[in-house]
Chemist: 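Quick one: the structure is below, and I'll ask about it shortly.
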2 protein chains.
Amino acid sequence: MAPRKKRTNDPEGMRRRVLDVAEDSFQARGYHASSLSDLMAAAGVTGGALHHHFPTKKALALAVIEERVATAVQETWIDPVLAASSAREGVRAVFEAVAAELEQQGYVRGCPLNNLAHELSLADDEFRLALARIFAGWRRAIADKIRADRLDGGEGRIDPDRFAALAVAAYSGAMSMAKTSQDAGVLRECLRALESFEPSQSGLTAKRRRRVLPRRMIG
Amino acid sequence: MAPRKKRTNDPEGMRRRVLDVAEDSFQARGYHASSLSDLMAAAGVTGGALHHHFPTKKALALAVIEERVATAVQETWIDPVLAASSAREGVRAVFEAVAAELEQQGYVRGCPLNNLAHELSLADDEFRLALARIFAGWRRAIADKIRADRLDGGEGRIDPDRFAALAVAAYSGAMSMAKTSQDAGVLRECLRALESFEPSQSGLTAKRRRRVLPRRMIG
DNA sequence: TTATAAACAGACCGGTTGTCCTGTTTTGTC
DNA sequence: GACAAAACAGGACAACCGGTCTGTTTATAA
């Protein structure tokens with residue numbers, strides 16, 4: 001009669017589940033619109049457990065930013081760009097990959113980093129700095145890739161920092177519009193505009209020999 | 001002894017005061033973080049008056065979007081671009097004007113449209129459509145300006161819709177980063193990147209004859 | 001086993017939120 | 001002046017929020 005359930009402590013798993021749900025809810029509803037009770041219910045976690053791993057809601061959000069949002073930027077942007085034959089080609093590939101994924105998915109929830117950045121940057125300096133660090137790493141990775149391309153004999157006309165800033169800004173802004181219009185088309189429009197601005201070189205989307213081994217240049 | 005204050009009905013003024021405060025608070029703190037009690041206190045308005053003009057918080061936000069945010073985009077972007085000698089020059093001027101204003105101001109609160117778009121687009125379809133309309137008008141104004149430039153013998157190599165999308169995206173994304181880093185420098189970086197991509201033409205920031213009368217092309 | 005701390009459960013609380021409601025005052029109209 | 005509608009005042013309220021608290025169970029180490 002008594003269910004006699006045995007409890008199993010799984011701190012890492014529980015922490016992960018909470019982060020999963022929080023990451024998803026912050027992305028879909030935002031920080032303020034996500035209540036802890038909602039998160040607890042969705043994750044199947046009690047208040048005591050949640051508070052044990054994340055003493056405050058702010059601590060939870062900070063963990064989402066540093067452990068999940070940063071990882072998302074790394075995986076969807078930095079790694080592919082570093083693995084590409086050139087920075088320009090990497091940026092192009094990411095734009096198209098994201099656009100394709102969004103179109104297949106059918107809806108646009110936006111860029112996790114930008115979503116949280118807009119809502120939390122002015123609310124708390126700790127949030128702001130954590131988010132700014134991710135933006136900076138993103139830009140730096142692209143800029144460093146351009147510099148490495150140059151050493152390999154790549155196109156040497158564009159300023160690395162400027163192009164990196166523009167790439168990140170164009171993507172962020174395009175995702176903002178895509179989210180608002182629920183249409184990923186604007187991502188492709190921005191990409192084409194970026195491509196049509198090829199500096200001096202003529203080959204627009206022309207095929208280029210692809211490097212076999214992607215080379216890493218950042219520790 | 002009795003203060004005997006006479007009340008004066010001023011519906012338009014009261015509505016305006018509420019919108020002023022709401023616009024400011026939504027910009028600085030966001031929609032969810034702005035409580036109606038805060039707004040009432042800041043505007044010196046009672047709950048009854050507020051409820052009379054704006055039955056719900058959503059109605060207030062919708063009014064802010066349609067009456068204030070749309071106007072802000074019109075005044076800081078569309079009007080200057082239409083008045084400029086070319087779309088490209090107009091975009092450049094706006095980027096620099098905003099950057100200069102932010103640097104003088106000392107802090108960055110971000111783009112009102114993007115701020116609200118990120119927080120509200122997924123929350124409510126009515127919000128989303130109102131915000132999407134403003135984005136669309138913004139892009140259309142720039143694209144139409146490019147088409148008009150072309151008829152006047154301007155540079156004819158760039159695709160109007162693509163360039164407009166890129167300009168808006170780059171600005172939105174740059175403002176996002178500027179807000180997060182509290183540094184308007186990235187705006188200038190993006191502008192320079194945009195300028196360095198001059199298609200074929202050589203004159204980078206070269207002086208051009210300025211049209212005396214700005215011409216309007218949208219009703 | 002026993003002690004010790006970590007991991008978890010679940011109730012509880014003060015404060016706040018947005019909204020509603022009942023009045024009162026002002027304004028416009030006949 | 002009479003009357004109706006708009007404009008405004010201000011309290012009340014239920015729902016909910018995030019955080020805290022006490023207590024129990026599980027794992028770890030001596």
Side-chain angles (χ1 to χ4, degrees), chain A residues 2-26 28-65 116 119-120 123-124 126-127, chain B residues 2-26 28-65 116 119-120 123-124 126-127:
Chain A
R4 280 304 187 106
K5 302 216 173 169
K6 193 88 185 280
R7 201 185 83 196
T8 306
N9 282 2
D10 180 20
E12 285 141 21
M14 178 156 282
R15 200 186 123 95
R16 184 180 44 76
R17 261 186 301 152
V18 172
L19 282 177
D20 285 345
V21 167
E23 178 187 12
D24 186 78
S25 184
F26 288 168
R29 269 164 280 185
Y31 174 79
H32 285 103
S34 299
S35 78
L36 291 183
S37 1
D38 290 345
L39 299 184
M40 281 162 45
V45 165
T46 64
L50 176 61
H51 178 259
H52 178 73
H53 292 282
F54 307 100
T56 65
K57 191 184 183 184
K58 174 179 169 178
L60 172 59
L62 231 31
V64 167
I65 291 172
L116 288 180
E119 191 177 1
L120 300 179
D124 187 287
E126 223 167 327
F127 281 144
Chain B
R4 279 303 187 106
K5 303 216 174 170
K6 192 86 183 283
R7 200 184 82 196
T8 305
N9 281 2
D10 180 20
E12 285 141 22
M14 178 157 282
R15 199 185 124 94
R16 183 179 45 76
R17 261 187 299 153
V18 172
L19 283 177
D20 286 344
V21 168
E23 177 186 12
D24 186 78
S25 184
F26 288 168
R29 268 164 282 186
Y31 174 79
H32 286 103
S34 299
S35 79
L36 291 183
S37 4
D38 290 345
L39 300 184
M40 281 163 46
V45 165
T46 64
L50 176 62
H51 178 74
H52 177 72
H53 292 282
F54 307 100
T56 64
K57 190 182 183 185
K58 174 179 168 178
L60 172 58
L62 232 30
V64 167
I65 292 172
L116 288 179
E119 191 177 1
L120 300 180
D124 187 286
E126 224 166 327
F127 281 145

Chemist: Under 4.0 Å, heavy atoms only, any strand: does Thr46(A) hit a base, just the sugar-phosphate, or nothing?
Modeler: base
Chemist: Which residue, Leu60(B), Val64(B), Leu120(B), forms the side chain to side chain contact (heavy atoms under 4.5 Å, CB included) with Tyr31(B)?
Modeler: Leu120(B)
Chemist: For His53(B) and Val45(B), what are the C-alpha separation, side-chain angles and deciding distance, and is it a side-chain contact (heavy atoms from CB on, under 4.5 Å)?
Modeler: CA-CA 11 Å; His53(B) 292 282; Val45(B) 165; over 6 Å; no
Chemist: For dT26(D), does the base pair up with any side-chain atom of Arg7(A) as donor and acceptor (N or O, under 3.5 Å, distance only)?
Modeler: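 Not at all, since no donor on one side and acceptor on the other fall under 3.5 Å apart.
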Chemist: Check the distance between dT19(C)'s C1' and Leu39(B)'s CG and give it to me in whole angstrom.
Modeler: 15 Å
Chemist: Do any N or O atoms from the side chain of Glu119(B) and from the backbone of Gly30(A) form a donor-acceptor pair under 3.5 angstrom?
Modeler: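 No, because the side chain of Glu119(B) does not come within donor-acceptor range (under 3.5 Å) of the backbone of Gly30(A).
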Chemist: Go through the steps for Ile65(A) and Leu116(A) under the test side-chain contact (heavy atoms from CB on, under 4.5 Å), then give the verdict.
Modeler: CA-CA 8 Å; Ile65(A) 291 172; Leu116(A) 288 180; 3.9 Å; yes
Chemist: Would you jot down, in residue-number order, the residues of residues 50-62 of chain A having a non-hydrogen atom under 4.0 Å from DNA chain C?
Modeler: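 His52(A), His53(A) - these, ordered by number, are the residues of the stretch whose heavy atoms sit under 4.0 Å from the strand.
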Chemist: Starting at atom CG of Asn9(B), determine the distance to atom C1' of dT26(C), rounded to an integer number of angstrom.
Modeler: 5 Å
Chemist: Under the side-chain contact (heavy atoms from CB on, under 4.5 Å) criterion, do Leu39(A) and Leu50(A) qualify, and how do the steps go?
Modeler: CA-CA 9 Å; Leu39(A) 299 184; Leu50(A) 176 61; 5.6 Å; no
Chemist: Please determine whether side-chain contact (heavy atoms from CB on, under 4.5 Å) holds for the pair His52(A) and Met14(A), giving the CA-CA distance in whole Å, both sets of side-chain angles, and the decisive distance to 0.1 Å.
Modeler: CA-CA 10 Å; His52(A) 178 73; Met14(A) 178 156 282; over 6 Å; no
Chemist: I need the CZ-P distance between Arg29(B) and dT17(C), as an integer number of Å.
Modeler: 11 Å
Chemist: So which atom in Arg29(B) and which in Ser34(B) form the shortest heavy-atom distance, rounded to 0.1 Å?
Modeler: CB-OG, 3.9 Å
Chemist: Any idea which heavy atoms bring Ala63(A) and Phe54(A) closest together, and the distance?
Modeler: CB-CE2, 3.8 Å
Chemist: Would you mind telling me which of dA9(D), dC17(D), dA27(D) lies closest to the side-chain atoms of Thr8(A)?
Modeler: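 So the side chain of Thr8(A) is nearest to dA27(D).
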Chemist: Enumerate the residues from residues 11-25 of chain A whose closest heavy atom to DNA chain D is under 4.0 Å, giving them by residue number; use none for an empty result.
Modeler: none
Chemist: Map Ser37(A) and Gly44(B) onto DNA chain D by nearest heavy atom, then report which one ends up closer to the 5' terminus.
Modeler: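 Nearer the 5' end of the strand: Gly44(B).
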